[in-house]
Amino acid sequence: MYTSIVYLKGVGPARAQLLGKELGIFTYADLVNFFPNRYIDRTQFFKINQLQANNSEIQILGKITSIKTIQQKKGSRLVATFIDETGTMNLVWFRGVKWLKDSLKINIPYVIFGRVNWYNGVFSMPHPEMELLSEYKKSMRTAMQPVYSSTETLQNRGITNRVMQKLQQTLFQEIQGKFDETLSDEIIDQMQLLSKNEAMFNIHFPKSQLLLNKAQQRLKFEELFFIQLQLVRNKYIRKSKIKGFVFEKIGSLFNGFYNENLPFDLTDAQKRVLKEIRNDLANGAQMNRLLQGDVGSGKTIVAVLTILIALDNNFQTALIAPTEILAIQHFNAVVELLEKMSITAKLLTGSTKTSERKIIHKDLESGELQILIGTHAIFEDKVKFKNLGLAIIDEQHRFGVAQRAKMWMKNKLPPHILVMTATPIPRTLAMSVYGDLDISVIDELPPGRKSIKTIHLFDSNRLKMFQLLKEEIAKGRQIYIVYPLIEESEKLDYKDLMDGYESISREFPKPKYQVSIVHGRMKSADKEYEMQRFVNAETHIMVATTVIEVGVNVPNASVMIIESAERFGLSQLHQLRGRVGRGAEQSYCILMSSFKLTDDAKTRLQTMVQTDDGFKIAEVDLKLRGPGNLMGTQQSGVLDLKIADIIKDSKILMKARSVAIDLLEKDPNLSRIENKKIKDTYIQIHKNKAIWANIS
Ligand code: ADP
Ligand code: MG
């Protein structure tokens with residue numbers, strides 16, 4: 001199976017190099033695992049009098065009666081008259097004219113296959129695939145013809161689909177259709193799967209549509225199963241092998257806060273999640289939990305309560321945010337919530353003064369400082385904790401795994417990690433990308449929230465928007481106006497922002513109206529000052545770039561205007577909209593866009609108007625952008641699938657995960673004889689990663 005492809009009959013050094021370079025096919029195994037990307041039904045023959053102008057690829061049985069070469073401006077074209085008992089049509093070639101002219105046979109039955117055009121009053125098929133009927137009858141013919149994805153280079157160098165089929169055929173003959181089974185009898189039975197052999201045969205040479213479906217089913221399951229097996233196993237290893245601090249008591253800080261200072265009753269979802277976290281903290285293993293909750297679902301209070309558990313057990317906590325503004329917001333929120341308790345918390349960001357930094361470093365090492373809130377500045381080597389027990393990371397996709405790992409280095413034991421994200425991740429994607437984390441979901445908003453009215457307006461309707469703003473301001477509300485800031489076109493974007501600010505300032509003149517502006521080029525002290533003015537309701541309108549995207553909490557703000565909304569991604573739009581609707585009042589989100597929109601942009605804006613369910617939005621986003629583009633998951637590799645599709649095959653994915661969980665529950669080391677095939681395959685897949693070595 002790992003024989004170089006160069007030894008396969010019909011390949012040779014030149015083709016081997018080409019296959020490697022263009023398709024990553026180096027060995028026999030690579031070739032058999034290169035699955036067709038679609039199939040054509042060749043059980044059906046068309047008659048010429050049944051043809052229609054928009055037929056897709058079809059096959060016809062008939063004969064050539066004459067051939068002529070027609071000179072044209074560039075080169076020549078070959079036209080053959082092709083007939084069956086019902087009519088006449090043309091076959092046309094623009095390339096290879098000379099060679100074809102000599103090799104085409106007159107009055108001998110051919111099976112032709114291709115796309116049909118209606119051209120100059122006759123049907124014609126350009127560059128048909130064709131085969132003499134006598135050959136057609138002899139060859140290893142299957143109902144469904146596989147089509148392999150290809151490249152232009154391959155086509156030009158003569159590796160056509162036909163050649164690819166032939167190579168697969170040769171290879172199957174050579175290995176005599178023997179594939180090692182990779183799954184256990186039990187799983188094959190339980191899932192009613194084809195055997196590996198049957199599946200491999202039918203994926204390349206399907207005997208029927210039914211068998212093709214079953215082959216696909218089997219191979220998709222297998223692919224997803226082994227990924228899930230690894231993820232579930234990693235999780236299992238972490239839980240059983242990686243020790244964590246035991247936070248055994250819920251002490252006076254937690255209880256005191258919970259009973260006396262909690263500003264509201266927790267929602268049931270918040271309570272449930274808190275319970276999940278408490279279990280993790282007390283059971284002796286390291287917590288690695290992803291906390292998902294839509295914008296405004298109340299993750300902050302969960303974070304604060306978790307921090308209090310750490311403090312009750314005499315551990316320090318770090319809370320890390322992706323931007324300075326968000327770090328400041330968190331800091332203010334935590335300080336405010338814990339105001340009545342004697343707890344020390346400090347803020348550390350890129351702009352913290354050296355003198356302040358020194359104090360922070362010292363107090364962290366002595367253990368005097370209990371909570372450190374900040375940006376990635378916290379990850380710097382100089383920052384040493386006395387006993388970091390808990391790290392809470394907000395908006396995780398911006399940090400990534402490498403930095404998560406860095407937190408570990410700061411301790412003898414890894415701190416418990418709680419990752420919070422407001423970008424809902426579709427369940428299936430979460431299962432694949434974060435399948436080794438535990439996941440908690442806050443799936444309920446605090447009571448009394450009114451849903452946000454979302455409206456899409458074209459730029460020409462700007463006056464209508466101004467009108468609404470004036471009404472809302474008259475009611476004492478505040479407004480965000482957000483401009484896109486995309487790095488490549490930064491200069492232009494800043495110009496838009498400044499122009500926008502000026503026109504808003506003209507429309508909403510001082511002293512009646514106060515307008516703030518915040519953007520990334522301002523000094524952080526100025527940013528903070530402007531944010532604070534808005535938070536204190538000293539200004540009516542906040543004009544900003546996406547720096548306010550995450551986390552800002554101003555319940556009195558009731559309108560979110562998003563300029564050039566077509567330029568934002570769906571999850572970003574959803575995040576921005578989440579900045580309003582935090583108070584009891586009716587809130588609005590207005591998406592301003594130009595008139596010309598791409599189909600994707602239309603879908604995004606429509607989706608926003610139709611729903612404010614973050615999970616639904618995430619599903620649409622996933623469909624529009626494909627899994628690879630979401631949240632920097634490209635690197636994760638688990639999305640590099642050969643045959644399965646996380647979106648379309650979500651049912652199989654869930655099944656694969658539950659089968660993997662069941663299996664590892666019964667046989668955590670896959671040491672039972674009946675699971676040997678699975679173990680062998682697993683080792684084969686991961687032989688470079690040495691994962692197995694760690695555990696057995
Ligand atoms: P997010 O999940 O987006 O971080 P926050 O934690 O900022 O959400 O909470 C959003 C708002 O909802 C805050 O003003 C917070 O005080 C409020 N809130 C959170 N939980 C509750 C609750 N159980 N009942 C009422 N209000 C709540
Ligand atoms: Mg938040």
Side-chain angles (χ1 to χ4, degrees), residues 254 257-277 289-308 319-323 325-340 371 373 392-398 418-425 439-452 477-478 480 531 534-537 546-558 560 571-587 589 612-615 617-618:
F254 182 96
F257 181 81
Y258 199 93
N259 297 329
E260 281 149 44
N261 299 336
L262 204 57
F264 35 69
D265 290 334
L266 295 186
T267 61
D268 287 343
Q270 284 168 323
K271 284 184 195 153
R272 185 188 67 234
V273 164
L274 203 60
K275 208 184 243 166
E276 289 165 351
I277 293 171
R289 187 168 282 279
L290 179 68
L291 171 55
Q292 283 197 66
D294 212 341
V295 245
S297 62
K299 294 182 290 295
T300 311
I301 196 75
V302 173
V304 166
L305 286 163
T306 308
I307 289 173
L308 291 175
L319 199 170
I320 303 133
T323 65
I325 288 204
L326 187 53
I328 294 168
Q329 286 269 327
H330 274 314
F331 180 74
N332 292 338
V334 170
V335 167
E336 197 185 314
L337 281 167
L338 300 182
E339 193 177 40
K340 301 215 177 79
I371 306 173
I373 297 171
I392 299 179
I393 304 181
D394 199 5
E395 297 301 326
Q396 93 112 27
H397 56 281
R398 304 191 184 199
L418 181 67
V419 172
M420 301 197 293
T421 171
T423 311
I425 305 163
I439 299 181
S440 290
V441 183
I442 305 184
D443 50 8
E444 173 187 11
L445 293 179
R449 293 276 170 83
K450 281 220 177 82
S451 85
I452 302 163
R477 307 279 115 73
Q478 290 167 282
Y480 295 105
M531 286 301 297
F534 190 67
V535 171
N536 298 340
T546 37
V547 287
I548 63 153
E549 183 187 339
V550 255
V552 180
N553 191 17
V554 180
N556 188 47
S558 64
M560 167 64 67
S571 70
Q572 226 178 351
L573 289 173
H574 181 60
Q575 290 296 313
L576 286 169
R577 177 169 57 186
R579 299 305 113 213
V580 296
R582 299 191 159 215
E585 313 306 326
Q586 178 62 57
S587 290
C589 172
D612 55 10
D613 177 334
F615 281 89
I617 288 173

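In each ligand, atom 1 is the first atom listed, and ligand 1 is the first ligand listed. The analysis underlying the following values was restricted to heavy atoms, covering all of them including side chains, and did not include hydrogens, waters or symmetry mates.
Residue contacts with ligand 1, taken as heavy atom pairs separated by less than 4.0 Å, involve L266 solely via the backbone atoms N, CA, C and O. In M420, neither the side chain nor the backbone holds a heavy atom less than 4.0 Å from any atom of ligand 1.
Ligand 1 has at least one atom lying under 4.0 Å from a heavy atom of G296. Taking 4.0 Å as the cut-off, S297 counts as a neighbour of ligand 1 on heavy-atom distance.
The contact set between ligand 1 and T300, taken as ligand atoms under 4.0 Å from a residue heavy atom, comprises 4 (O), 5 (P), 6 (O), 7 (O). Every atom of ligand 1 is numbered from 1 in the order shown, and the set under 4.0 Å from a heavy atom of R582 is 3 (O), 7 (O), 10 (C). Atoms of ligand 1 lying under 4.0 Å from any heavy atom of T267, numbered from 1 in the order shown and given with element: 23 (N). With ligand atoms numbered from 1 in the order given, ligand 1 contributes 22 (C), 23 (N), 24 (N) to contacts under 4.0 Å with heavy atoms of D265.
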- Please test F615 against D443 for side chain to side chain contact (heavy atoms under 4.5 Å, CB included), starting from the C-alpha separation and ending with a verdict. CA-CA 9 Å; F615 281 89; D443 50 8; 5.7 Å; no
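Defined by atom type and a distance below 3.5 Å, a donor-acceptor pair is present between the side-chain atoms of S440 and E276.
Within 6.0 Å of CG on N536 lie more than 12 heavy atoms contributed by other residues, nucleotides or ligands.
Between P447 and ligand 1, not a single N/O pair is under 3.5 Å apart.
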